[in-house]
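Only one structure is covered here, and it is reproduced in the block below.
What's counted below: heavy atoms across the whole structure, side chains too, no hydrogens, waters or symmetry copies. Order of the sequence lines fixes the chain letters, A, B, ..., with proteins taken first and strands second; residue numbering starts at 1 for each chain.
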Protein chains: 2
Amino acid sequence: MSDADTPLVLIVDDEPAQVALLSYNLKAAGFRIATAKDGEEAVLAVAELGPDVILLDWMLPRLSGLEACRQIRATPEGREASIIMVSARSEEGDRVRGLDTGADDYIIKPYSVAELIARVRANLRRLRPTSTGQALQYNDIRLEPDSYRVMRGSENLHLGPTEFRLLAAFMERPGKVWTREALLDRVWGRDIYIDTRTVDVHVGRLRKTLCAAGGDDPIRTVRGAGYAMG
Amino acid sequence: MSDADTPLVLIVDDEPAQVALLSYNLKAAGFRIATAKDGEEAVLAVAELGPDVILLDWMLPRLSGLEACRQIRATPEGREASIIMVSARSEEGDRVRGLDTGADDYIIKPYSVAELIARVRANLRRLRPTSTGQALQYNDIRLEPDSYRVMRGSENLHLGPTEFRLLAAFMERPGKVWTREALLDRVWGRDIYIDTRTVDVHVGRLRKTLCAAGGDDPIRTVRGAGYAMG
DNA sequence: CCGAGATATGACAGGGATGTGACAATTTTC
DNA sequence: GAAAATTGTCACATCCCTGTCATATCTCGG
């Protein structure tokens with residue numbers, strides 16, 4: 001695993017020219033880069049940095065790409081990463097061997113930069129299961145729809161289902177002022193006969209939980225209208 | 001999602017000869033097979049069967065492979081699957097477009113059966129590690145699909161088959177919240193008529209066994225939604 | 001400063017969702 | 001074929017969530 005924001009790509013190749021070319025293009029595409037020039041360095045770098053994607057040249061001094069792949073897969077950090085083998089050979093035997101050793105993908109020289117980047121992106125996409133439901137973020141508050149989790153800063157908050165949906169509504173449209181009626185529709189569902197004052201109570205509870213984690217109240221009361229986040 | 005044991009591969013191609021060839025070889029490799037002969041059928045089949053891997057021909061009648069890919073990705077079941085585009089075109093533009101549309105992998109005709117199977121396996125490995133015998137680890141809990149063993153710390157745990165599959169489901173996607181219905185599909189199998197409350201009982205049993213080995217409860221109850229690991 | 005309307009908050013009871021032990025049916029093991 | 005293990009269901013206990021009310025506090029126009 002790597003830092004939250006930009007994915008880290010580890011380039012493993014013994015030819016400086018190749019490394020420079022790849023680095024330049026991947027940086028331009030918005031990735032963070034690390035490099036290693038042989039298999040042993042690569043294994044160490046994986047353990048230390050925990051890259052998201054590893055571009056592994058087939059022909060390497062000291063430790064072959066295939067063997068490096070095997071060793072990387074044996075480490076905890078390497079198991080999480082996506083390995084793309086890069087090779088000049090086009091024989092199918094190698095390709096199969098590479099994939100069966102634990103590589104996730106295989107790309108053959110000569111390749112275009114566009115394809116390489118597309119492959120890196122595709123591998124990243126499938127690496128991150130969180131991609132299904134976008135996490136909502138507002139300042140230091142974070143809501144993950146898939147895992148049903150809410151965090152403020154680094155603290156994990158516990159919300160009941162109703163308050164969870166309520167917060168989700170607020171965070172989906174920061175700044176939007178919701179009337180109590182609109183919130184009842186959105187959070188409680190249509191055709192429901194509930195006192196509009198109930199919204200106040202839940203907003204209050206949500207505020208209490210949010211503020212218990214520190215920081216100021218992110219929910220604004222709009223007198224005569226309703227509530228809004230921010 | 002699919003039945004517990006053997007991975008399900010959906011073959012989408014309009015040429016019967018192709019389908020027959022692929023079916024034969026993939027069955028021989030130990031997969032379950034389903035087929036569709038155009039994009040629309042494919043989208044329906046995905047929703048109904050929840051395959052693990054989808055082999056999607058680029059050229060399809062009615063709905064192009066690219067568009068089918070997009071639609072499949074828009075469904076809940078399709079988001080969980082691995083899509084491999086199969087194409088006669090070798091132009092890089094198509095390849096990039098395929099990967100960017102949401103395909104996980106790309107294979108070009110003519111391909112060898114060995115490579116195809118290797119790619120299917122490679123995609124499964126990251127999608128459903130247990131199906132390829134990879135050990136799963138979450139904190140101090142370790143599950144080995146091959147030897148059918150579960151350990152917490154250094155202690156060996158004994159689980160019944162159902163609880164074993166249940167734990168495997170949780171560990172394959174740490175953090176994911178499973179509804180009781182989804183767990184019934186994944187662990188018990190589709191088309192099975194069992195009280196959803198039964199899930200509670202098995203989660204309880206699993207918890208008891210896990211906690212008996214020391215450490216806190218790794219399974220989180222999400223009220224109104226289901227359960228998740230971590 | 002006052003008062004009326006609007007909002008905040010604590011308390012509470014009811015209900016729904018979940019946890020859990022018991023048990024019989026079924027399968028597996030020896 | 002008998003003993004042991006596994007499994008699905010039920011009943012009951014428990015806990016958490018939730019809607020409502022009563023009261024306190026606040027806001028704003030006078």
Using whole Å, what does the distance between atom C1' of nucleotide D:dT27 and atom CZ of A:Arg220 come to?
16 Å
Electrostatic pair A:Glu155-A:Arg152, nearest N-O below 4.0 angstrom
no
Can you list, in residue-number order, the parts of residues 171-178 of chain A that come under 4.0 Å of DNA chain C, counting heavy atoms only?
none
With A:Pro218, which of A:Leu167, A:Ile141, A:Leu206 fulfils side chain to side chain contact (heavy atoms under 4.5 Å, CB included)?
A:Ile141
Cationic N near anionic O, under 4.0 Å, A:Asp104 to B:Arg125
no
Under-4.0 Å salt bridge between B:Arg128 and B:Asp52:
yes
In terms of heavy-atom contacts, does CG of B:Asn156 have more than 12 from other residues, nucleotides or ligands at under 6.0 Å?
yes
Angle between the end axes of the helix from C:dC1-D:dG30 to C:dC30-D:dG1, five pairs per end, to the nearest 10 degrees?
40°
More than 12 foreign heavy atoms under 6.0 Å from CG of A:Asp216: is that the case here?
no
With a 4.0 Å cut-off, would you call B:Arg142 and B:Glu144 a salt bridge?
yes
Along DNA chain C, first and last positions that approach a heavy atom of chain B under 4.0 Å
C:dG16 to C:dA22
Which side-chain N or O atoms in residues 15-31 of chain B pair as donor and acceptor under 3.5 Å with protein atoms at least two apart or in another chain?
{"from": "B:Gln18", "atom 1": "OE1", "to": "B:Tyr111", "atom 2": "OH", "distance (Å)": "3.4"}
{"from": "B:Ser23", "atom 1": "OG", "to": "B:Val19", "atom 2": "O", "distance (Å)": "2.9"}
{"from": "B:Asn25", "atom 1": "ND2", "to": "B:Leu21", "atom 2": "O", "distance (Å)": "2.9"}

Quick tally for nucleotides 15-23 of chain D: nucleotides whose base has a protein heavy atom under 4.0 Å get B, sugar-phosphate-only ones S, the rest -, giving BBSBBBB--
Rounded to the nearest angstrom, tell me the gap between atom CG in B:Leu166 and atom C1' in D:dG8.
14 Å
By the ring pair (Phe, Tyr, Trp, His ring centres under 6.0 Å) test, which pairs, at least two apart or in different chains, include something from residues 197-230 of chain B?
B:Trp188-B:His202
Under-4.0 Å salt bridge between B:Arg119 and A:Asp105:
yes
Could you give the CG-to-P distance, from B:Leu183 to D:dG8, as a whole number of Å?
13 Å
Short N-O contact, A:Arg207 and A:Glu163, less than 4.0 angstrom:
no
